*Asks:* 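Input: one structure, supplied below.
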Amino acid sequence: MLPESLRERIRPETKLVVITGAGISAESGVPTFRGEDGLWRRFRAEELATSWAFQRDPKLVWEWYDWRRGIISRAKPNPGHLAIAELERLLPNFYLITQNVDGLHRRAGNRKLVEIHGNLWFVRCTREGTVTENYEVPLKEIPPRCRCGALLRPHVVWFGESLDPDDLRRSLELVRNCDLLLVVGTSGVVQPVASFPWEAKERGAFVLEVNPQSTPISSVADLSLRGKAGEVLPKLVEEIREVLLRRHP
Ligand code: BV8
């Protein structure tokens with residue numbers, strides 16, 4: 001499956017960065033954003049995942065998050081998630097940047113990761129800013145409130161909001177210094193993560209895309225594997241393990 005130009009880059013010290021999007025959770029039954037299943041009622045994510053929508057109708061926004069939390073609470077990490085957890089065990093210089101807020105990478109065993117758009121199992125007080133874990137499904141009270149009485153909001157990055165500066169700085173540093181960038185299940189539309197493959201490529205990284213569809217990232221990718229993450233990634237990991245064993249016993 002892998003060309004020699006990639007196999008020769010696979011060594012024990014290879015700096016591998018993985019970027020994932022909603023596509024990797026599709027086989028776990030979690031709706032993607034832009035797939036035909038991306039709509040909730042008649043709303044697009046960009047309409048609900050904003051501070052404006054929350055100010056206007058916090059009940060509606062929380063009903064959407066409660067719906068998503070319900071689906072994700074019944075979902076399990078799939079072979080795609082498990083393959084990425086295996087890569088973290090195989091390569092010491094591994095890091096995962098996920099746009100997904102579903103927490104499935106953590107449940108699959110990844111620890112060296114940044115959830116760059118947040119995690120919907122964490123809530124934040126809109127007055128005090130305190131962040132707490134909340135696994136209540138369904139939520140008893142919608143919209144939920146902090147003990148101080150103020151509204152709680154999902155601890156995620158909404159459209160129009162800036163990413164956590166430390167997460168952004170760290171992610172850019174990793175992407176700009178990696179040997180291999182593996183991009184899985186993202187449509188490459190949402191900034192600033194969508195520009196990361198170009199950051200890596202400009203600094204000589206090999207960019208490998210896994211996606212059944214072509215995306216803007218396909219134009220900068222050295223190789224695009226057209227298939228589902230849950231089917232392609234386990235084979236990819238097997239091939240990487242074999243190269244490591246054969247060439248670096
Ligand atoms: C910001 C958390 C500073 C919430 C999310 C420049 C130009 C235009 C607009 C902008 C710009 N710069 C900034 C913006 C605004 C905006 C943006 O990019 N808008 C887009 C829509 C154009 N960006 C922001 O607002 C960011 N903040 O830049 O702050 C600033 C602020 C204002 C103005 C300027 C600068 C914040 C972005 C973060 C938003 N929060 N999530 C929540 O989830 O509730 S984004 C959310 O949507 C997800 O986290 C994810 O990132 C994104 C969805 O994208 P994907 O994950 O790629 O999923 P998608 O459904 O699109 O695609 C799935 C793919 O999987 C497909 O390609 C499909 O083929 C594939 N697939 C399907 N099945 C499988 C598969 N692949 C493999 N296996 C399968 N089985």
Side-chain angles (χ1 to χ4, degrees), residues 18-40 43-54 58 60-69 71-72 75 77-84 96-105 113-124 153-165 167-169 171-172 182-198 208-219 221 224-236:
V18 180
I19 294 176
T20 63
I24 196 164
S25 296
E27 292 154 271
S28 297
V30 180
T32 64
F33 279 64
R34 280 176 190 75
E36 60 281 350
D37 57 357
L39 279 184
W40 177 75
F43 295 98
R44 281 182 321 105
E46 283 92 343
E47 289 164 300
L48 291 163
T50 65
S51 53
W52 308 288
F54 189 75
L60 175 73
V61 171
W62 264 114
E63 281 165 353
W64 181 50
Y65 280 98
D66 193 40
W67 173 74
R68 292 170 66 188
R69 287 161 54 107
I71 291 172
I72 296 163
N78 66 60
H81 295 107
L82 299 173
I84 291 180
L96 169 61
I97 301 167
T98 186
Q99 300 171 87
N100 300 342
V101 297
D102 57 29
L104 289 175
H105 281 301
L113 82 163
V114 58
E115 294 167 314
I116 201 162
H117 293 162
N119 181 313
L120 50 59
W121 298 113
F122 289 79
V123 295
R124 186 163 87 232
R153 61 162 282 174
H155 187 50
V156 296
V157 180
W158 280 331
F159 290 96
E161 292 183 329
S162 303
L163 277 55
D164 173 276
D167 288 349
L168 186 55
R169 187 180 319 105
S171 299
L172 274 171
L182 173 58
V183 186
V184 182
T186 185
S187 58
V189 170
V190 176
Q191 298 296 348
V193 173
S195 60
F196 286 6
W198 279 265
L208 174 57
E209 179 188 39
V210 175
N211 195 314
Q213 317 276 334
S214 77
T215 72
I217 291 168
S218 307
S219 62
S224 289
L225 301 173
R226 294 276 167 251
K228 294 183 171 184
E231 292 157 12
V232 171
L233 290 178
K235 296 192 196 103
L236 175 67

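Indexing begins at 1, ligand by ligand and atom by atom, following the structure's order. Reckoned from all heavy atoms, side chains included, excluding hydrogens, waters and symmetry mates. As the structure is a prediction and not an experimental result, all values here were calculated from the model.
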*Asks:* Among Q99, H81, H105, which residue satisfies the side chain to side chain donor-acceptor pair (under 3.5 Å) criterion with T20?
*Replies:*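 Answer after filtering Q99, H81, H105: H105.
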
*Asks:* With heavy atoms only and a cut-off of under 4.0 Å, state how V101 meets ligand 1: side chain, backbone, both or neither.
*Replies:*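 It is the side chain that gets close, since no backbone atom is under 4.0 Å.
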
*Asks:* With sequence neighbours excluded, give me every side chain to side chain donor-acceptor pair (under 3.5 Å) pair touching residues 113-123.
*Replies:*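 Only R106-E115, E115-N119 qualify under side chain to side chain donor-acceptor pair (under 3.5 Å).
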
*Asks:* Have a look at S195, S162, S25 and point out the one with the heavy atom closest to atom 3 (C) of ligand 1.
*Replies:*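 Result: the heavy atom closest to atom 3 (C) of ligand 1 is in S162.
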
*Asks:* Looking only at N/O atoms, are N100 and ligand 1 under 3.5 Å apart anywhere?
*Replies:*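 No.
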
*Asks:* Short list, please: which atoms of ligand 1 are under 4.0 Å from a heavy atom of A26?
*Replies:*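 Matching atoms, with element in brackets: 73 (N).
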
*Asks:* Can you name the residues that form a side chain to side chain donor-acceptor pair (under 3.5 Å) with E161, not counting sequence neighbours?
*Replies:*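 Expected list: R153.
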
*Asks:* Can you check whether S28's main-chain N or O pairs, donor with acceptor, with S25's side chain at less than 3.5 Å?
*Replies:*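 Between the backbone of S28 and the side chain of S25 there is no qualifying donor-acceptor contact (under 3.5 Å).
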
*Asks:* Going by the order shown, which atoms of ligand 1 are within less than 4.0 Å of some heavy atom of E46?
*Replies:*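 Close to E46: 21 (C).
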
*Asks:* For atom 64 (C) of ligand 1, which of P154, G118, G185, A49 has the closest heavy atom?
*Replies:*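 Residue with the shortest heavy-atom distance to the ligand atom: G185.
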
*Asks:* Report yes or no: does I24 have a heavy atom closer than 4.0 Å to ligand 1?
*Replies:*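 So I24 does not count as touching ligand 1.
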
*Asks:* Which class fits the ring pair W158 and Y65: parallel under 30°, tilted 30 to 60°, perpendicular over 60°?
*Replies:*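 Tilted.
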
*Asks:* Give me the atom names and distance for the closest heavy-atom approach of L168 to P192.
*Replies:*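 Answer, listing the atom of L168 first, then P192: CD1-CG, 3.9 Å.
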
*Asks:* Enumerate the atoms of ligand 1 whose separation from the nearest heavy atom of S187 is less than 4.0 angstrom.
*Replies:*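 In order of number, 57 (O), 59 (P), 61 (O), 62 (O), 64 (C), 67 (O).
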
*Asks:* Closer than 4.0 angstrom: is that true for some heavy atom of A45 and an atom of ligand 1?
*Replies:*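 Flag not set, A45 not near ligand 1.
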
*Asks:* Would you indicate which of V189, L233, L48, V210 comes nearest to atom 22 (C) of ligand 1 when only heavy atoms are counted?
*Replies:*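 Checking each option, the heavy atom nearest atom 22 (C) of ligand 1 is found in V189.
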
*Asks:* List every atom of ligand 1 that sits less than 4.0 Å from any heavy atom of Q213, numbering the atoms from 1 in the order shown and giving each element.
*Replies:*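 Those atoms are 69 (O).
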
*Asks:* Any nitrogen or oxygen of V156, main chain or side chain, under 3.5 Å from a nitrogen or oxygen of ligand 1?
*Replies:*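 Looking only at distances, the answer is no, because the N/O contact criterion of under 3.5 Å is not met.
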
*Asks:* Has N78 got a side-chain atom pairing as donor or acceptor with I24's backbone, closer than 3.5 angstrom?
*Replies:*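 Yes, because the side chain of N78 sits within donor-acceptor range (under 3.5 Å) of the backbone of I24.
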
*Asks:* Return yes or no for this condition: an N or O of K228 is under 3.5 Å from an N or O of ligand 1.
*Replies:*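 No - when backbone and side-chain N and O of K228 are compared with those of ligand 1, no distance drops under 3.5 Å.
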
*Asks:* Would you indicate which of E161, Q99, Q191 comes nearest to atom 23 (N) of ligand 1 when only heavy atoms are counted?
*Replies:*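 Answer by nearest heavy atom: Q191.
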
*Asks:* With heavy atoms of G21 as the reference, note each atom of ligand 1 found under 4.0 Å away.
*Replies:*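 Within the 4.0 Å cut-off of G21, ligand 1 contributes 56 (O).
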
*Asks:* Enter the distance from D66:CG to R68:CZ here, rounded to the nearest 0.5 Å.
*Replies:*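 Output value for this atom pair is 12.0 Å.
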
*Asks:* For ligand 1, which atoms have a heavy atom of Y65 less than 4.0 angstrom away?
*Replies:*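 Checking each atom against Y65, I get 4 (C), 42 (C), 44 (O).
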
*Asks:* Considering only heavy atoms, does E27 approach ligand 1 within less than 4.0 Å through its side chain, its backbone, both, or neither?
*Replies:*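 Only the side chain of E27 comes within reach of ligand 1.
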
*Asks:* What do you reckon, does F159 have a nitrogen or oxygen under 3.5 Å from a nitrogen or oxygen of ligand 1?
*Replies:*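 No.
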
*Asks:* Does Q213 offer a backbone N or O that forms a donor-acceptor pair with the side chain of R226 under 3.5 Å?
*Replies:*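 The answer is yes, because a donor-acceptor pair under 3.5 Å joins these two groups.
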
*Asks:* If the cut-off is 4.0 Å to any non-hydrogen atom of A22, which atoms of ligand 1 fall inside it?
*Replies:*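 Listed by number with element: 55 (P), 56 (O), 58 (O).
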
*Asks:* So, do E231 and P212 sit near enough that their side-chain heavy atoms are less than 4.5 Å apart?
*Replies:*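 SC-SC contact between E231 and P212 ruled out.
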
*Asks:* Determine whether any heavy atom of E231 lies closer than 4.0 Å to an atom of ligand 1.
*Replies:*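 The answer is no, since E231 has no heavy atom less than 4.0 Å from ligand 1.
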
*Asks:* State, to 0.1 Å, how close F196 and S171 come at their nearest heavy-atom pair, and which atoms those are.
*Replies:*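 Heavy-atom minimum between the residues: CE2-CB, 3.9 Å.
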
*Asks:* Looking only at heavy atoms, what is the nearest atom pair of V30 and I71, with distance?
*Replies:*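 Closest pair (atom of V30, atom of I71, distance): CA-CG2, 4.3 Å.
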
